[in-house]
Every structure is written in structure tokens, then in C-alpha cells.
Amino acid sequence: MNRRLPLVVLTSAALALSACSSGGSSDEPAATSTADNAGKTVTLWLAGSDTPDELRTYLTDTFKAKTGATLKIEEQSWGDLVTKLTTALPDAANTPDVVELGNTQSPTFTNVGAFLDISDMYDELGGSKLLQSFVDAGSVDGKKYALPYYFGSRYMFYRKDVWQKAGVEVPKTLDEFNTDVQTIAAKNPDQIKNFSGFFIGGQDWRNGISWIFANGGDLAKKQDGKWVSTLSDPASLKGLEQLQQIQKAASKAPADAKDQSPWLYINDSDTILDDAGKASGKTSLAAATIMAPGWAHWSIGDLTKKDGKDVRTWNDKTFGVFALPGNDGKPAPVFAGGSNIAISAKSKNPALAKELMKIIFAPEYQQMLGKAGLGPANSDYVSSLGDDEFAKALVDSASNSKLTPAAPGWAAVESAQVLEEFFGKIRDASDLAGLAKQYDDKITPMLNGA
């Protein structure tokens, strides 16, 4: 998820949210009868458009039938979500009751008491069946404040036709992948200008960190009670060196490109849209391989018409998918995308908010998430994703996925785009170890809220 906010927003978040104290108590009275709730409204903030309309309708209808109250769903953009949460959560008069937020944003808010302690509901909502890395991101001192809403994962989309022409097969190890995409770029069988064997933007750290993770490195670690950036650790450096080689020999992606819309370059042709959804340019086939979240398959394929609208139809003869392999042949650790969900500590309707949480974590809704291509929070319902190649790649890639560090200041690191800045300098760095050390020194104070 993309969260690009001014640094001042996050460094002041703890101050703005300190009024939330240490988190609300979950010792609230049970929801009253449907008749008593008829005039009440609970507000749910959903981030972005990932939750389909069908699921939103299910939530509003089911909540009304179960409680008699009204559920008001408001969509918030990822770009200003943290800003809005920082302002709204401490304000009892304007806070949303239940909020979706990125898994990497959870520590920032849980550590300042912005959410209700729902530890007493943990087992009822799924307990140990819930995705534990997301649970950990929403917990403080063993207490549960934010639980997983859905998970996503990143895997490889590739042009079968181009790979075949280049004489390479789906790799089984990370070294094979690194070699294959460089081979494809060098052969460039269709002689396409600025062609990438693997298109990865210079600033695309969310995909690039897979090489750090696969070599046993990490972005940060806790040491003597403090968080420390670890980009210059030997294992991390090994992954960065591999990534640098790919950037130089396999990718023609711009140095300032991030992780948005890489599928534009794997389709035969596509349209670039601006923030308002208007066409701002055209692309043609320029990449044999991309790395993207699983839902990207809806944007990849042959261009066709459906109900008068342009849609993409997946073509198995042209396109394929696979999980990035690690050094051991198992799926490489990739960034675990997805969201958490929590109840505001300042909610005026905590009992009704809990009823909404029960609906969200019930089998019916969990399976609806899976059928929509979103990884269910509860492992019992992962089978609802189906058994096609996309579901298999999603489950495989998620099986070894990792979150960013659960440091209190991590959201500040993201919002300041420090990693975009660092990764954008990797390709041309003559002293990669020195560059990594420079950014360790910059990131470490931010991790600890300095």
C-alpha cells in the first residue's frame, strides 16, 4: 500500500494521538436490542477501493439486520489516510468507529493508544487462526488492538512468449531468476527499444526488499531496546548487490519509478492514467517480467470489450505467473501487503463496533474476501481464494512473506520516502556499502521517533 505523507504528520502523530491515552477498555456493555439501535450510526473507514461494492453492501445489510443500526462506510484514500486518522481518532465527536489501515501503519497508532483493546474478543474473532504477523503489528505488550483484515502478496507475472523466444524457463532458485531476466534483456528476442527482462523501478523498495529478505537480511532490528536500521549488514548488502546487478543488466525502468502500475509494460499496449483517472499517455510491450500484488492480474491480458467497457482478458498462452523463488528453492520472502482493522478508542458506539467486527470475522465474510481475491484473515478460509494459478501463486508467495519492522517510527520512514530515495541511488552507487551505512544513520533515529 502506498502511504506518502509529510514527515511532520508522522513525527507529530504521537503528540496528536497522546490524548487517546493507553487505549480504551473493552469492558463495554453489550449492544442493545435492534429497536434501541434504530437511530444509531456506526462509521467504518475503508482504505482505497480494494473492498468491492458487493462486500460493502453485505456489511451494511447484515449490520442493519443484526443490530438495527445503520452502518456508514466512508472510503479514504491511502495517500492521506494517516493524516486523517491522526486528526480524527483523538476526537470523540468526529472519530470513525472502525478503521482499516495498512499493516505497516498499525504500530504507529497502537503504540499511542489510538485503538480499543479487543483482547477479550481475540479468540472469538479467530485467535491463532488469524495471520499472526499482522496480529503482532497491531499488538502492544501482548494486548490486541488491530487485527488482520486481509492479506495480499507479490509475485511474478511474465510473458510466456518472450521467455520462450529467449530460451529460458521458469526458475527454481533466486540465482536462476537473476540470471534469467538478465539473459532475456540481453537477447531481447523482439528487439524492442528500452526492453526489460524484469521491470523494477529504481525507487521500488517494496519489491526490491525481497532480495534483502531472501539473503537473510532485514530492514531493521531491535537491539538493546532500540530499533536499528540494518541496510549495511552483510546479509542485507548481499541482497542489495544482487538488486543492483538486476537494475543495471535487466531493467530499463526509470530510476525514479516506484511500484505503481508495472503491468502497463507487460501488456502489448496500455494507457497511462493520471490521479484523476484520465488518460495521460500510452505504453507498448516493454517488459518480459514484472512483480506486482496478486490483484494485478485483472489489469493484465488481451484488451477486449465487455458491456461497452475496455477490460483485460487473461490469456494463458501469452501470460503466466510464479512466486519469486528463494535461494533454497522455496518461495522467497516478499513484502506482505494487506490491511489491519481496529476500533477507535474514542468510539461512542464500542458495543456496536464490536458487532461489526464479529460480522467481518465471521465465515461468510471471510469467504467473500477470498472469492474477491483478497487473502482472508483467518487461515481456515484461505481455500475460498480458489485453486487457479493466481490463488496458488498468492498462497505460495504469502507462505514466506514478511512485514516491515514494527518500529514505532516506521510510518515516518515511509511517509518521508527515505527508502525510495535510497533505492533510487542503488543502480549508480560505486560504494554501495557506504551508501547503505549513510541511510542506516539517517533511518535509525526515525525508527525510534526521533
Side-chain angles (χ1 to χ4, degrees), residues 17-32 37 40-47 51 59 62-63 66-67 69 71-73 81 85-86 88-92 95-151 338-366 369 375-381 403 406 408:
L17 287 165
S18 60
C20 292
S21 186
S22 58
S25 168
S26 60
D27 297 328
E28 306 291 346
T32 52
N37 292 328
K40 297 180 179 179
T41 298
V42 166
T43 301
L44 166 63
W45 277 13
L46 291 178
T51 302
L59 289 177
T62 305
F63 186 75
K66 184 177 181 181
T67 69
L71 175 63
K72 181 181 180 182
I73 297 177
L81 178 61
L85 287 173
T86 302
L89 287 173
D91 183 359
T95 184
D97 298 284
V98 180
V99 299
E100 173 194 355
L101 73 166
N103 49 26
T104 62
Q105 296 168 335
S106 293
T108 293
F109 293 95
T110 55
N111 276 283
V112 292
F115 300 135
L116 191 72
D117 179 1
I118 53 174
S119 301
D120 62 337
M121 296 183 70
Y122 177 59
D123 289 335
E124 181 182 4
L125 298 181
S128 62
K129 297 294 182 68
L130 300 179
L131 190 60
Q132 289 304 298
S133 58
F134 285 48
V135 172
D136 292 343
S139 301
V140 177
D141 296 331
K143 295 182 179 181
K144 313 295 191 294
Y145 295 96
L147 298 179
Y149 178 44
Y150 70 83
F151 73 85
S339 295
N340 275 8
I341 195 160
I343 299 173
S344 170
K346 295 292 185 178
S347 170
K348 291 183 177 180
N349 300 291
L352 286 171
K354 290 181 181 181
E355 293 302 315
L356 177 58
M357 295 288 276
K358 292 176 185 178
I359 293 170
I360 289 171
F361 287 91
E364 293 80 7
Y365 191 75
Q366 288 292 300
L369 285 168
N378 191 314
S379 61
D380 280 350
Y381 309 111
L403 287 177

Only counting residues at least two apart or in another chain, list the ones meeting side chain to side chain donor-acceptor pair (under 3.5 Å) with K143. none
Going by the rule salt bridge (Lys or Arg N to Asp or Glu O under 4.0 Å), which residues pair with K129 if we only count those two or more places apart in sequence or in a different chain? D380
For the side chain of Q366 and the backbone of N378, is there at least one donor-acceptor N/O pair under 3.5 Å apart? yes
Between T43, T95, N349, which is the residue that forms a side-chain hydrogen bond (donor to acceptor under 3.5 Å, both in side chains) with S344? T95
[atom2] on [Y] to [atom1] on [X], rounded to 0.5 Å:
X	Y	atom1	atom2	result
I341	L125	CD1	CG	10.5 Å
D97	M357	CG	CE	12.0 Å
F109	L101	CZ	CG	6.5 Å
D91	T86	CG	OG1	13.0 Å
E124	I118	CD	CD1	10.5 Å
L44	T51	CG	OG1	8.0 Å

So do the side chains of [X] and [Y] get within less than 4.5 Å of each other, counting heavy atoms only?
X	Y	answer
V99	F115	yes
K358	M121	yes
L352	F63	yes
P148	V135	yes
W45	V98	no

Check the pair D120, K354 against side chain to side chain contact (heavy atoms under 4.5 Å, CB included), reporting the backbone distance first and the verdict last. CA-CA 11 Å; D120 62 337; K354 290 181 181 181; 4.2 Å; yes
Parallel, tilted or perpendicular: rings of Y365 and Y149 (30°, 60°): parallel
Quick one: which residue pairs count as a side chain to side chain donor-acceptor pair (under 3.5 Å) with a foot in residues 131-141, not counting sequence neighbours? Y122-Q132
With a 3.5 Å cut-off and no angle check, do the side chains of S339 and E100 form a donor-acceptor pair? yes
